[in-house]
Amino acid sequence: MASAAGLVNAALPDDLLAEVFRRVAAAGGKADLDSCALVCSRWRGVERASRRAARVPVDGPDGDVVARCVADRFPRLADVFLDHGLYIAAGASAGAAERSRAYGWDNESPKSDEQHMQCSTPSEDTQEENGSDSVNPTSFTDAGLLHLIEGCKGLEKLTLNWFLHISEKGLVGIANRCRNLQSLALSGGYVQNHGLITLAEGCNLSELKLCGVQELTDKGLVEFVKIRNRSLDAIGTYCHNLEVLSVESKHVNENKGIISVAKGCQYLKSLKMVWLGVGDEALEAVGSSCSALENLSLDNLNKCSDRSLFSIANGCKQLKSLIIKSSVKFTDRSIERVSQNCKMLQHMEINMCHIMETAALEHIGQRCILWIDNNAFLGFGRCCFLLKSVCLANCCKISDEAISHIAQGCKNLRELSIISCPQIGDEALLSVGENCKELRELTLHGLGRLNDTGLATVDQCRFLEKFDICGCNQITDYGLTTIIRECHDLVHLNISDTKKIGDTTLAKVGEGFRKLKHLMMLRCDAISDVGLEDIARGCLQLEACGVFRCSQVTPAGVAALAGGSSRLQRIIVEKCKVPEEATGKCRMINDPILISYY
């Protein structure tokens, strides 16, 4: 490698080498990019100087130190995600602390190399097993944030996740120093009105996301928009730039904040509102003012009724994505109006809307199709023939008939998710397989009425890449046979909580799914070491596998699985089943254990 690097170094100037690294990063090869940085000191320097994006773990007592190291090493970062949920090994953190003391940054002592921290967010099973939902302490404060934005002067996108120790001082620092900032996401912390107003004055934002923030009220949103309009009088309207707004807060309880946003930001393309105490007047303002709106997500807006969606359907004719969650007053009538007017609709998700019935989806099926015959049973019409994604979750009144309408009318579907809809069974899936031949992702969670008969036509979806039947207890080895034989492009398979799927299926998975990268088999009591050996022999592209709480799996089976694919990075299994020979290659995470292979 060193000799090869020497030949490249002699032929390529720094700018061309940096362009190579940028293309590697654009292809999603972060691991490859890290490997390039280890070839020689020149490559490391060029890669550091050209890296544009980083996700930075700021957990634990060394959060500020890590941020400082990142800012000093990668000064050209444009996209930074400061994540409280992404953990790092304590050894790396200790090294950072040692270097910080050398530079005189702080007086903290390094942590022991024997202490290991998580490299990913724990699963629900992990949290249940631990019996605690506490979060890791963090010392990431205003000082670390200010050092980061001072070192990375070209920041264009900044995400702060769980920023409990960031105060108004840090937000003012962002406003004063990040003049190129286009996107800001704040999740899980404290944002006072004055802090938001300061951001509005200092940053020319085109995207703002506020999720789970405390202390923000209507006044903050109103003043945010007023400030933008004052800028319009001086240097041009900022409202032309604001295209994405996401607000999650229980403290916005009046309509005037959203009304001000709608009237001041008329070029808004994406709007997400969660837990807001606003009513129909707010969404009527959005419908009348934001005609360019393409994506709308309404979550737990319990004061809004059909009147709101009528306004959206009448005014937002460019709508492509509509998500409605846990909103109790929307009925079939509002969905009918959307299907009549929003002919560009591509994605629809309805979750926990118990008032809606089959008729709501009949309207979508009747209108979201390419026009063929006005006299056909479904009332074929010209409307949303671009519909590609549908997600239905916890809809207790939706039946097979509704899904059949969708499948027969929306033949361009690429993604279909049906989660915890107790009345949906075989008839719906038969229609999906017969009509939706372009389907790429099919998620079926907790469908107790679905059995092998319903899967008989899914093999006609030969481009299927993701198949998830978690909790479908009536499906057996036989039901998956034809799918395995025909759908060779599958990369993600989840058969968790399926009591009747066992080693027979795994043997055929090893033979038929050569491209498989993710396989989840949590709580599958019919699976044993024999099936894991078949997976190890056949699925040589496998990157992640879960066998947590599979009663017949032993350490020998886990060892066989670990010895299969050279790309395997993660195995989820109980701590007691980790083979001794694997303990040197894993990081303990209480119980269960996450094994990471490098």
Side-chain angles (χ1 to χ4, degrees), residues 1-58 65-83 86-89 91-93 95-96 99 103 119-120 147-159 161 177-185 206-207 440 465 489 491-492 514-518 540-544 565-570 585 596-598:
M1 177 64 78
S3 60
L7 294 175
V8 174
N9 283 335
L12 288 181
D14 286 354
D15 56 345
L16 289 181
L17 189 58
E19 178 63 24
V20 171
F21 292 156
R22 277 193 291 270
R23 297 195 178 195
V24 171
K30 180 184 179 301
D32 295 332
L33 200 62
D34 293 338
S35 298
C36 290
L38 298 176
V39 170
C40 65
S41 59
R42 181 191 176 220
W43 286 30
R44 181 171 65 252
V46 172
E47 193 279 327
R48 286 182 177 179
S50 61
R51 182 169 291 206
R52 301 283 291 168
R55 186 163 184 161
V56 183
V58 289
V65 176
V66 172
R68 288 168 174 170
C69 288
V70 169
D72 290 340
R73 292 188 178 188
F74 306 104
R76 296 194 63 185
L77 286 175
D79 181 355
V80 175
F81 191 123
L82 298 171
D83 195 355
L86 183 70
Y87 309 147
I88 59 173
S93 182
R99 287 186 293 273
Y103 287 104
C119 59
S120 65
H147 194 103
L148 177 73
I149 60 181
E150 181 66 30
C152 304
K153 299 182 183 299
L155 272 181
E156 298 174 2
K157 182 176 181 180
L158 178 62
T159 301
N161 183 24
R177 305 183 192 186
C178 299
R179 296 300 182 180
N180 296 322
L181 197 65
Q182 299 293 317
S183 173
L184 178 63
S206 62
E207 180 175 357
R440 299 297 195 275
E465 297 176 356
D489 292 332
V491 296
H492 179 99
R514 299 293 184 178
K515 298 180 181 180
L516 196 66
K517 294 183 179 180
H518 301 91
L540 300 181
Q541 304 296 316
L542 197 65
E543 296 178 359
S565 171
S566 61
R567 297 173 178 266
L568 191 62
Q569 299 176 359
R570 184 175 302 171
K585 300 180 180 180
S596 297
Y597 288 87
Y598 300 95

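Excluded from the calculations below are hydrogen atoms, water molecules and symmetry mates; all remaining heavy atoms, backbone and side chain alike, are included.
- Listed here is the closest heavy atom pair of Phe21 and Trp43: CE1-O, 3.6 Å.
- Side-chain contact check for Leu181 versus Ile149: every heavy-atom pair is 4.5 Å or farther apart.
- Between Asn161 and Val58 there is no side-chain heavy-atom pair separated by less than 4.5 Å.
- Salt-bridge annotation for Glu47 and Arg44: absent, with no side-chain N of the basic residue lying under 4.0 Å from a carboxylate O of the acidic one.
- From Leu148, atom CG reaches atom SG of Cys178 across 8.0 Å, with rounding to the nearest 0.5 Å.
- Within the model, atoms CZ of Arg76 and CZ of Arg51 stand 13.5 Å from one another, a figure rounded to the nearest 0.5 Å.
- Residue Arg68 holds its CZ atom at 12.5 Å from CD of Glu150, rounded to the nearest 0.5 Å.
- Counting only heavy atoms from C-beta outward, the side chains of Arg52 and Asp79 never approach each other to under 4.5 Å.
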Apply the test side chain to side chain contact (heavy atoms under 4.5 Å, CB included) to residues Thr159 and Asp83: give CA-CA distance (whole Å), side-chain angles for both, the deciding distance (0.1 Å), then the verdict. CA-CA 8 Å; Thr159 301; Asp83 195 355; over 6 Å; no

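- Residues Asp72 and His147 have side chains in contact (heavy-atom distance under 4.5 Å, counting atoms from C-beta outward).
- Atom-to-atom distance recorded for Arg567:CZ and Lys517:NZ is 7.0 Å, nearest 0.5 angstrom.
- With salt bridges taken as basic N to acidic carboxylate O contacts below 4.0 Å, one links Arg42 and Asp14.
- Put simply, SG on Cys152 and CG on Leu77 are 4.5 Å apart, with the number rounded to the nearest 0.5 Å.
- For the residue pair Leu542 and Ser565, the shortest heavy atom distance occurs at O-OG, 2.8 Å.
- Considering only heavy atoms from C-beta on, His518 comes within 4.5 Å of Glu543 through its side chain.
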List the steps, then state whether side-chain hydrogen bond (donor to acceptor under 3.5 Å, both in side chains) holds for Gln541 with Arg514. CA-CA 7 Å; Gln541 304 296 316; Arg514 299 293 184 178; over 6 Å; no

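- Rounding to the nearest 0.5 Å places CZ of Arg55 at 10.5 Å from CG of Leu82.
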